[in-house]
Each structure stands twice: as structure tokens, then as C-alpha cells.
Undergrad: 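First the structure, which I've put down as C-alpha cells, then a few questions once you've had a look.
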2 protein chains.
Amino acid sequence: MKHAATSEAFPDAAHDHAECISTALAAAEDTCRREGLRLTPIRRRVLELVWQNHRPVGAYDLLDQLSRDGKRAMPPTVYRALEFLQGAGLVHRIATLNAFVGCSHPDHAHQCQFLICSDCRTVVELESENIGRSLKREAAALGFQVREQSVELTGLCPECHPAH
Amino acid sequence: MKHAATSEAFPDAAHDHAECISTALAAAEDTCRREGLRLTPIRRRVLELVWQNHRPVGAYDLLDQLSRDGKRAMPPTVYRALEFLQGAGLVHRIATLNAFVGCSHPDHAHQCQFLICSDCRTVVELESENIGRSLKREAAALGFQVREQSVELTGLCPECHPAH
DNA sequence: CAGAGATTGGTATAATATAACAGCACGTCA
DNA sequence: TGACGTGCTGTTATATTATACCAATCTCTG
Ligand SMILES: [Zn+2]
Ligand SMILES: [Zn+2]
Ligand SMILES: [Zn+2]
Ligand SMILES: [Zn+2]
């Protein structure tokens with residue numbers, strides 16, 4: 001899925017982010033219905049919070065925000081929700097940041113790559129078959145069978161680098 | 001640098017690992033002399049411990065081993081040593097494991113990729129210009145300027161997958 | 001309704017990492 | 001020589017991220 005508001009990969013400040021959120025939630029409902037999974041209120045709320053913007057969010061930030069909802073939530077609550085959402089392919093964990101982002105391609109299984117702006121912290125999820133193939137090929141040449149890839153590229157997004 | 005004892009990328013159980021260690025330590029001495037850095041006893045010892053095998057090792061494991069040396073070390077000691085070694089390009093951090101491995105190409109600056117066996121936990125450091133280029137190219141196509149790459153492929157090494 | 005399995009609430013603790021400051025080692029230069 | 005600066009180490013304390021575990025509740029199904 002391209003970004004909802006523009007044809008650019010990187011969301012600009014002016015984009016209609018409410019639409020990003022509602023699209024993501026609707027896709028989550030679909031996925032869960034299709035797979036027989038239960039998008040309970042907590043899980044739905046955590047997903048909504050993860051999608052509050054295009055930046056990765058830490059588990060304890062989510063926890064604070066959940067607590068502000070009135071219920072005083074404990075760590076296992078948010079980690080369980082995140083675990084479920086990851087399992088359902090609705091959320092990804094960014095290993096280099098110990099943080100989480102909403103999945104931009106929740107409608108199908110995929111291996112993806114992340115572009116992480118070190119300035120504005122925006123994250124974009126790439127889904128390049130090309131990269132995936134090339135990684136698998138190089139690994140296979142050494143007899144290694146890839147099961148999971150974690151590809152996280154840190155740098156400057158178009159908005160944040162000087163050439164702009 | 002290929003693995004010292006064989007022409008294979010993946011070290012086998014029989015290889016002369018003492019040579020891996022001494023090669024790594026000698027290379028570290030060289031690097032530090034060349035760059036005017038100080039490979040102090042603690043740093044040298046931590047590097048030696050990181051190289052105890054080809055598996056990533058956690059900071060607190062290192063701490064335990066340091067403590068067994070007689071000195072009762074505290075976390076900052078090992079984290080400071082690791083920070084130095086990373087800065088000197090002698091050690092890499094594996095983000096998906098919160099753990100550290102010795103660098104296999106300490107003699108030159110590089111961006112690398114890791115193959116991590118989920119069974120035996122052996123890690124091999126790839127230095128593929130091909131992959132680096134392809135990642136940079138895809139990112140650039142979206143206007144993103146890559147500064148750091150973290151590429152960690154988890155799967156089965158040749159020793160551990162069924163085809164073997 | 002009964003029972004199984006999934007989900008949640010809650011306590012406690014584990015595992016990883018850093019802040020902050022004091023003392024020391026060692027070279028430099030007056 | 002001795003005062004100083006810089007970098008390294010020791011130490012205490014704390015921050016941050018994540019999980020183990022058990023009890024209570026909910027949901028679905030038969
Ligand atoms: Zn995704
Ligand atoms: Zn940016
Ligand atoms: Zn070896
Ligand atoms: Zn390396």
C-alpha cells in the first residue's frame with residue numbers, strides 16, 4: 001500500500017493522517033476476521049496508538065498513553081498486545097530502536113526493510129522483492145538458509161537532508 | 001578476511017579457534033597503534049572474551065567472565081570497553097540479539113551484514129558490496145540517504161539445516 | 001450449563017543500558 | 001619539579017526494556 005495521502009513513500013507533514021489511522025484499523029479488522037483472530041479493545045487501542053504517527057513508539061510510551069485512558073495498565077498488557085499484533089502482521093518491531101511501528105502492508109505476508117530518518121525519526125517500510133532476493137541469494141551462496149530478515153537503514157529522509 | 005582455518009565462511013567445530021583469537025587480538029593492536037587508540041588491558045580482555053567463539057555474547061555474560069578474573073567488574077566497565085571497541089571497528093553489536101561479536105574485517109571501514117544461525121547461534125559477518133549498493137540504490141530512489149545499515153539475517157547455517 | 005481455551009489483571013523480577021561523580025594514571029608544559 | 005589537563009577506571013545509583021508467573025475473567029462450543 002502506498003501512503004494514503006500522496007504518491008510519495010515518505011509522508012509529509014500535511015498529509016491526512018487520520019486517514020492513515022482509519023485505514024490501518026479497518027485493515028486490521030479485515031485481517032482478524034479473515035484469520036479468525038480477535039481484535040479486542042486493548043489490542044485495537046494499542047494498534048491505534050502505534051499509528052498515532054509514522055514514528056516508532058516504545059512499549060512504555062504506549063503504556064503511559066494507555067494509562068492516560070483511565071485504566072492503569074501494566075507492562076505485560078502492552079507487551080501482550082504488541083505480541084499479538086506482531087503475530088497478526090499488523091505491527092513491526094524496529095530492533096535498532098526497541099520500538100514499534102504499524103505495518104504498511106498488513107494485507108499480505110511479507111518480509112520488509114525499514115528506512116529510519118535519524119533526524120525526524122519517520123520510518124518508512126519498504127517491501128522490496130529485489131532486496132529480499134539478493135539477500136537470500138548471497139546467503140544461499142554460503143549455504144545459509146534465511147528465515148527472517150531484519151533490515152534497518154538509518155539516514156536522512158527527503159525532508160531532512162540538505163539536498164532538499 | 002576469510003575464516004582463518006578453512007576457506008569456508010562458516011567456521012566448523014574443528015577449526016583452530018585459538019588462531020582466530022590471536023589473529024583478532026593482533027589486528028586490534030595494529031588498528032589501535034595506527035589510529036592512536038589505547039587498547040588497555042580491560043579493553044583487550046573484553047575483546048578476547050568477545051572472541052571466545054563465533055557466537056554473539058551479551059554484555060552481562062562478559063561481565064560475569066570479567067568478574068571471574070578476580071576483579072569484580074560493574075556494568076559501566078564492560079559497556080565502556082564495548083563502546084570503545086565498537087568505535088574502533090573491532091566489535092559489532094547485533095541489534096536483534098542485544099549482543100556483540102568480534103569484527104571479522106577490522107582492518108578497514110565497512111558496512112556489513114550478519115548471518116545468524118538460530119540453531120547453533122553461530123554468526124558470520126558478510127561484507128557484500130553488492131547488497132550495500134542495492135540497499136543504497138533502493139533507498140535513494142525514494143530520496144533517502146543511508147548512513148548506517150543494520151542487516152541481520154536469521155536462519156540455518158550449513159551445519160544446521162536438513163540438506164546437510 | 002459445563003468445560004476448554006483464550007484473554008486479561010496484577011505482582012514481581014529479569015535483562016539490558018546509562019548517568020553521574022570521584023579518583024587515578026600519565027603526559028605536557030611552566 | 002610540580003601544576004594541570006585529559007582520558008581511563010571504579011563505584012553507586014538508576015533508567016529502560018522485557019518476561020515469568022499465577023489468578024481471575026471472558027468467550028466459544030457442545
Ligand atoms: Zn509490514
Ligand atoms: Zn526526516
Ligand atoms: Zn574461530
Ligand atoms: Zn566487521
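Since this is a predicted model, take the numbers as computed values, not measurements. Within every chain, numbering begins at 1; the chains are lettered A, B, ... in the order of the sequence lines, protein sequences first and strands thereafter.
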Undergrad: If you measure from the Lys or Arg side-chain nitrogens to the Asp or Glu carboxylate oxygens, is any gap between B:Arg80 and B:Glu83 under 4.0 Å?
TA: no
Undergrad: A:Asp69 CG to C:dT8 C1': how many Å, rounded?
TA: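 After rounding, the gap between these two atoms is 16 Å.
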Undergrad: With a 4.5 Å heavy-atom cut-off, do A:Cys120 and A:Glu159 have their side chains touching?
TA: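 Answer no - side chains too far apart.
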Undergrad: Please test B:Leu90 against B:Cys103 for side-chain contact (heavy atoms from CB on, under 4.5 Å), starting from the C-alpha separation and ending with a verdict.
TA: CA-CA 5 Å; B:Leu90 299 171; B:Cys103 173; 5.5 Å; no
Undergrad: Take atom CD of A:Glu83 and atom P of D:dT19, then tell me their distance rounded to the nearest Å.
TA: 8 Å
Undergrad: Could you state the interatomic distance from CG (B:Leu63) to OH (B:Tyr79), rounded to the nearest 0.5 Å?
TA: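 Answer for the CG-OH pair, B:Leu63 versus B:Tyr79, is 8.5 Å.
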Undergrad: How many Å lie between CG on A:Leu62 and P on D:dA18, as a whole number?
TA: 11 Å
Undergrad: Got a list of protein N/O to nucleotides 12-18 of chain C N/O distances below 3.5 Å?
TA:
from: C:dA17; atom 1: OP1; to: B:Arg93; atom 2: NE; distance (Å): 3.3
from: C:dA17; atom 1: OP1; to: B:Arg93; atom 2: NH2; distance (Å): 2.1
from: C:dA17; atom 1: OP2; to: B:Tyr79; atom 2: OH; distance (Å): 3.0
from: C:dA17; atom 1: O5'; to: B:Tyr79; atom 2: OH; distance (Å): 3.4
from: C:dA17; atom 1: N7; to: B:Tyr60; atom 2: OH; distance (Å): 2.6
from: C:dA17; atom 1: N6; to: B:Tyr60; atom 2: OH; distance (Å): 3.3

Undergrad: If I compare all heavy atoms of A:Phe144 with all of B:Gly155, which pair ends up nearest, and what's the gap?
TA: CZ-N, 3.3 Å
Undergrad: Any donor-acceptor pair under 3.5 Å linking the side chain of A:Asp69 with the backbone of A:Lys71?
TA: no
Undergrad: Between the protein and nucleotides 5-8 of chain D, are there any N/O to N/O pairs under 3.5 Å, and if so, what are the atom names and distances?
TA:
from: D:dC8; atom 1: OP1; to: B:Arg43; atom 2: NH1; distance (Å): 3.4
from: D:dC8; atom 1: O5'; to: B:Arg43; atom 2: NH2; distance (Å): 3.4

Undergrad: Between C:dG10 atom P and A:Leu66 atom CG, what is the distance in whole Å?
TA: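 Checked: the CG to P distance equals 13 Å.
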Undergrad: Determine whether a donor-acceptor pair (one donor, one acceptor, N or O, separation below 3.5 Å) exists between the side chain of A:Arg72 and the base of C:dG9.
TA: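 Check fails, no donor-acceptor contact within cut-off.
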Undergrad: If I take atom CG in residue A:Leu63 and atom C1' in nucleotide C:dT11, what distance separates them, rounded to the nearest angstrom?
TA: 14 Å
Undergrad: Could you pull out all donor-acceptor pairs under 3.5 Å where a side-chain atom in residues 109-116 of chain A meets a protein atom, sequence neighbours excluded?
TA:
from: A:His110; atom 1: ND1; to: A:His105; atom 2: O; distance (Å): 3.4
from: A:His110; atom 1: ND1; to: A:His108; atom 2: O; distance (Å): 2.8
from: A:His110; atom 1: NE2; to: A:His92; atom 2: NE2; distance (Å): 3.3
from: A:His110; atom 1: NE2; to: A:Glu125; atom 2: OE2; distance (Å): 2.8
from: A:Gln111; atom 1: OE1; to: A:Gln149; atom 2: N; distance (Å): 3.1
from: A:Gln113; atom 1: OE1; to: A:Ser128; atom 2: N; distance (Å): 3.0
from: A:Gln113; atom 1: NE2; to: A:Gln149; atom 2: OE1; distance (Å): 3.0

Undergrad: Roughly, in whole Å, what's the span from CE in A:Met74 to P in D:dA24?
TA: 17 Å
Undergrad: Starting from C1' on D:dA20, measure out to CZ on A:Arg80 and report it in whole angstrom.
TA: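 These atoms are roughly 11 Å apart.
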Undergrad: Are B:Leu39 and B:Leu82 joined in one hydrophobic group, where the rule is that I, L, V, M, F, W and Y side chains link up if heavy atoms are under 4.5 Å apart?
TA: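 Linked within one cluster.
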Undergrad: To the nearest Å, give me how far apart CG (A:Leu39) and C1' (D:dT27) are.
TA: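 In whole Å, D:dT27 C1' lies 16 Å from A:Leu39 CG.
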Undergrad: In Å, rounded to the nearest 0.5 Å, how long is the span from CG of B:Leu37 to CZ of B:Arg43?
TA: 8.0 Å
